[in-house]
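Encoded as structure tokens, here's the structure I'll be asking about.
Chain A is the first sequence line, chain B the second, and so forth, proteins listed ahead of strands; every chain is numbered from 1.
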Amino acid sequence: MSSLEALYQQVILDHSKEKHGRTDLADDEMFDPASTARSRQYNPLCGDEVTLQVTLGEQDVREIAWTGEGCSISQAATSVLHDLVVGKPVEEARSILADYRTMLRSRGAGTPDEEVLGDAVAFAGVSRHANRVKCAILGWTAFEDALLRIEAARPTAKEA
Amino acid sequence: MSSLEALYQQVILDHSKEKHGRTDLADDEMFDPASTARSRQYNPLCGDEVTLQVTLGEQDVREIAWTGEGCSISQAATSVLHDLVVGKPVEEARSILADYRTMLRSRGAGTPDEEVLGDAVAFAGVSRHANRVKCAILGWTAFEDALLRIEAARPTAKEA
Amino acid sequence: MTLTYTGAQPLAAAEVETIRADFPILHRTVGDGAQLAYLDSGASSQRPKQVLQAEYDFATTSYAAVHRGAHTLAGEATDAFEDAREAVARFVGVPAQGLIWLRNATEGLNVLAAALSDPQAGRYALQPGDEILITELEHHANLVPWQQAAARTGAKLRWIPLTDDGRLDLANIDELINRRTKVVAFAHASNVLGTVLPVAELVAKAKAVGALTVLDACQSVPHLPVNLTELGVDAAVFSGHKMLGPTGIGCLAARPELLDALPPVLTGGSMVELVTMETATFREAPQRFEAGTPPVAQAVALHAAVNYLSGVGMDRIAAREHQLAQLMLDGLAGVEGVRVIGPHTAENRTATVAFAVEGVHPHDVGQVLDAAGIAVRVGHHCAQPVHRRFGVNASTRASAYLYTTDAEVERFVQALGTVRGFFGRS
Amino acid sequence: MTLTYTGAQPLAAAEVETIRADFPILHRTVGDGAQLAYLDSGASSQRPKQVLQAEYDFATTSYAAVHRGAHTLAGEATDAFEDAREAVARFVGVPAQGLIWLRNATEGLNVLAAALSDPQAGRYALQPGDEILITELEHHANLVPWQQAAARTGAKLRWIPLTDDGRLDLANIDELINRRTKVVAFAHASNVLGTVLPVAELVAKAKAVGALTVLDACQSVPHLPVNLTELGVDAAVFSGHKMLGPTGIGCLAARPELLDALPPVLTGGSMVELVTMETATFREAPQRFEAGTPPVAQAVALHAAVNYLSGVGMDRIAAREHQLAQLMLDGLAGVEGVRVIGPHTAENRTATVAFAVEGVHPHDVGQVLDAAGIAVRVGHHCAQPVHRRFGVNASTRASAYLYTTDAEVERFVQALGTVRGFFGRS
Ligand SMILES: Cc1ncc(COP(=O)(O)O)c(C=O)c1O
Ligand SMILES: Cc1ncc(COP(=O)(O)O)c(C=O)c1O
């Protein structure tokens, strides 16, 4: 396998065309901040951006919708994120996120756990390309940020 | 002769001790700007300075008086200037000045004319030390500047 | 305007090979063993052995802090440093006292914009109601500092728009350059489009209204014979690292009379005259604008770089790059789904070519090319507005230099032809 | 305060010789064939082969513009550049995102002074009535920018005076550091007197009134183990060329939270986020303060320099320089007509010793020493006020470093003994 094929695994090429969860997000949509939030992430190096909206249920990730411009890596990574975490318990989504970050930062060293990361292991090759890590993480950072926003808007245990 | 002796010729060492024309210049002295002027020159690299006062006669350099702080080169150069130009026609003083400058800028290459420059040929060695050229020229620049001031204050041929 | 280089003989293939032998880095491979084809000189050029050697020799024989020493090394270092200033000044046709060493070209534009924003600039100081004119193709370095100057002084920032071909649209130029215009600042050559701007025309119009002209010569001084005095601009900037020199050095060249009228921007050692705890007086230009220890070793290296360029001949380099531009444009015209952003002809154009590939993001284009050993730049190249003007966020840019071979351009074009297929876009 | 280095083992003579073998320039002769004794490291240090080699290797294998590229060289260059940032940051005990690459230390102090003069600095912005406190021994780089900041904002510049021994006179410190004090900026070590300042005490007093502390670490980072976080300062500057690195690079290290609150000073490429023709938003620190192409090659070289210093051990270097300071002071005490300007004891003192020779101008002193191969600096060393404080316009200064031998100090002292005789002053 050439290093180019190692980077652009078939899964990535496929998702970059299919883009699961990609939709138009209306600017003026109203939603309940205690269950839904949006985050826009921008990569100043290339001008790429992702806007991602998360809706949580009681315990799980109910829905993800996103839009934005970007390279195949960033588009595919966001699409894979969608497939991986929708329907999963929030806590599990968080741990997938953590593993994904660790994998991307491994500079090609780690052996990612396919049990946890599923299709996202296809992005292991990105960790060898420091300049593409930002692409692969863009949508995931939006997801993480949106989770934080919902958390902030929810009444905390203490308050409740 | 070591390069140190080539730089510090006996003439220079002598003048740096004797300092012809060096005196106190009262701050508030009054003089006729058409015949007398002062110039203060400052070397920002070392903080050295010379204040030099020139009085011209009809055609000649009547008097030079100077004060200031500086290294042996700058002090000796101003002392030698005093001896060389006082009593000389202004035009001759100017041409001595021009020759002196040329010599200092020669980087050790030229052969200065002792007929014109007299004791000032002792400063030929300075031209090999770019960083000392400023020292050797400080008092001479003050002289040149003072001449210009007197010229500016005199009624010109046109006006007269 | 036709360019002066059209007359000169382009470098022959054998000469290019001789030149390449001076650049060790060009002989390496990347990735899975592909031979490097460095088409990113528009971002930064490589250094020949002569330049590296000059810096090494200086560091191992004559280095010391300049200007303030009585010892031999300090004298030798000062001579080397000031010789470099003379040589680089001569290279761009200005007097040595009009050449200021800074960190990079960006700093030069900031220094100008900040000095002109200072009321101490006197008759040059920007006032509310004054206009600063730039163009729509500027690098951020020649845009954001003027935005800041406008915000600080109440002056208005305006710009010359572009035609669809990536040239200046001069239809309204006589309204854009008017009595209120105080500064006209523009690139000599665009770092994205490759467009060479009509300097003579802009300078003439600026002069007619008494406006200062500032030339961003980052993309011209390395590639064309440039005489700033003949061009008649009041100030110009360029960077060492784009002209075979090192990073860490840039030049601001300006008419000495202008420099004398401007207040210093950075203060500190070496630029002062008399300092007390309360006050300081400042030295003349160029020292007034060179606070602190200057880039001594980098100046010496840049001296070697301009010697190298002069040795080859800027007119012949320009003629060769004209060929390369033509080759690149011809090649790209033959690749399906590729749209060149900028002039489609090689006239008044450098060998810097930006383009979009239909359906494929520039990052992905760059990655496929890299796998083939071809180093191009992707992104907005520090010029977001010009990308927006052409309806894209980013582009892929190939840029050639004196060491670029025809074969490299051909490999680039060939590899580009595989990109859309790789991503299933054809 | 006693210095941390007192415990470490000084470099042995054999180790110094091993070190010297790495510095080709130290082996040259000057003038009529005298062996060079380089006692001017306080102005600028020399570079060892390892540092030159690192820069050469980088230039011939991995150089490209950083951050903006998708190609292999750009990736390698970016890694090398950011690795350098981490290493240099670690060397002075700060997080990498708190380390900004600039042209020199002077630029760092200017950036701070300018940012604090900008109303956009919010709660940090200097206001009329605020006080900026410096000391009477500062280098012009840590004086003139604050004069300018005071003039621009209406703040008042005050300073801590000196004792006749060249130490800070702290008698009125509790009046000088008061509720109005917003910035306390001071040298860690004086470049003239050699005095090491009581950082802990000044920082504690500044913190008590909520003032920012700015450390000019130009003369400490190369010579002493320095951990800026442990010292508790808010910001600090130092220069590459004084610590075995190249010219063309300096560092501003600051608490990331402070940097995040300060507006950028220079604008342009690489420091912006979203740019339109009318507006620009800025990136986070450190990028926000690094406009334009950074000193990439110089950062890589500085990385090699801190590796070299760490390899030798900063504590051992400091201990060795303590010895050298003692040797210089002892030697000078034995030369008739020589007056040391600064502390006469080696405690809290670096091996930088300035002095006056009765009846002989420093320029002449330096010239005679140079003829004997001994390179010292003469002049005001960019610190006019401290010279005025000690009643002179200028001085001669000898400064040692890790490559200085006892024999060199002895030769220096011996040659100095001939100076007054040469000029007929004894
Ligand atoms: C104490 C001190 N501060 C500031 C500076 C300025 O450093 P640079 O000229 O590298 O900016 C120096 C060195 O000249 C210095 O010794
Ligand atoms: C047209 C133009 N202007 C300005 C710059 C900025 O140059 P530097 O980053 O060396 O300051 C560049 C290069 O990036 C450029 O191409």
### Query
Looking only at heavy atoms, which two atoms of Val376(D) and His71(C) are closest? And how far apart?
O-CD2, 3.1 Å
### Message
Could you check whether any side-chain N or O of Gln384(C) sits under 3.5 Å from a backbone N or O of Glu273(D), counting only pairs where one atom can act as donor and the other as acceptor?
### Response
yes
### Message
Shorter than 4.5 Å, heavy atoms on both sides: which option in Ser239(D), Ser62(D), Gly373(D), Ala299(D) has the most such pairs with chain C?
### Response
Ser62(D)
### Query
Got a second to check how far Thr60(C)'s OG1 is from Lys49(D)'s NZ, nearest 0.5 Å?
11.0 Å
## Note on the structure
Scored by heavy-atom pairs under 4.5 Å with chain D, the best of Leu274(C), Ile374(C), Ile134(C) is Leu274(C)
### Message
To the closest 0.5 Å, what do you measure between CG (Asn104(C)) and CZ (Arg103(D))?
### Response
9.5 Å
## Note on the structure
Most contact-rich option vs chain D, by heavy-atom pairs under 4.5 angstrom, among Lys242(C), Glu138(C), Arg388(C), is Arg388(C)
### Query
Met271(C) and Thr106(D): side chain to side chain contact (heavy atoms under 4.5 Å, CB included), yes or no, with the steps?
CA-CA 11 Å; Met271(C) 55 72 69; Thr106(D) 301; over 6 Å; no
### Query
Relative to chain D, which segment of Ser45(C) carries a heavy atom at a distance below 4.5 Å: side chain, backbone, both, or neither?
backbone
## Note on the structure
Scanning both residues in full, the closest heavy-atom pair of Gly269(C) with Cys382(D) reads CA-SG, 3.8 Å
### Message
Quiz question: by atom type and distance under 3.5 Å, do the side chains of Gln147(D) and Thr279(C) form a donor-acceptor pair?
### Response
no
### Message
To the closest 0.5 Å, what do you measure between CH2 (Trp159(C)) and CD (Glu278(D))?
### Response
3.5 Å
### Task
Please check if the side chain of Gln148(C) supplies one atom and the backbone of Leu266(D) the other of a donor-acceptor pair under 3.5 Å.
no
### Message
Please classify the contact between Val265(D) and chain C as side chain, backbone, both or neither, with a heavy-atom cut-off of under 4.5 Å.
### Response
backbone
#### Entry: Interface moiety of Tyr38(C) toward chain D, non-hydrogen atoms closer than 4.5 Å
side chain
### Summary
When the 4.5 angstrom heavy-atom criterion is applied to Val111(C) and chain D, the contacting part is neither
### Task
Write down the atom of Met277(D), the atom of Glu136(C), and the distance for their closest heavy-atom approach.
CE-CA, 3.9 Å
### Message
If I take atom CG from residue Leu36(D) and atom OG1 from residue Thr61(C), how far apart are they, to the nearest 0.5 angstrom?
### Response
11.5 Å
### Task
Please state whether the side chain, the backbone, both or neither of Trp146(C) comes within less than 4.5 Å of a heavy atom of chain D.
neither
### Query
Which bit of Thr29(C) comes within less than 4.5 Å of chain D, counting heavy atoms only: side chain, backbone, both or neither?
neither
### Task
To the nearest 0.5 angstrom, please state how far the CD atom of Gln46(D) sits from the CG atom of Leu73(C).
6.5 Å
### Query
Which bit of Val272(C) comes within less than 4.5 Å of chain D, counting heavy atoms only: side chain, backbone, both or neither?
side chain
### Query
Would you call Val275(D) and Val144(C) a side-chain contact if the rule is heavy atoms closer than 4.5 Å?
yes
## Note on the structure
All heavy atoms of Ala59(C) vs all of Arg47(D), minimum pair found to be CB-NH2, 3.7 Å
### Query
If you take all heavy atoms of Tyr63(D) and Ile25(C), which pair is closest and at what distance?
N-CD1, 3.4 Å
### Query
What distance do Glu76(D) atom CD and Arg28(C) atom CZ have between them, rounded to the nearest 0.5 Å?
4.0 Å
### Task
Specify which of Ala141(D), Pro295(D), Ala383(D), Ala291(D) makes the most heavy-atom pairs with chain C at under 4.5 Å.
Ala291(D)
#### Entry: Heavy-atom check, side chain of Gln298(C) versus side chain of Thr247(D), under 4.5 Å
yes
### Nearest heavy-atom neighbours spanning Thr276(C) and Pro385(D)
C-CG, 4.0 Å
### Task
Could you check which of Ala105(C), Ala280(C), Gly366(C), Ala64(C) has the highest count of heavy-atom pairs closer than 4.5 Å to chain D?
Ala280(C)
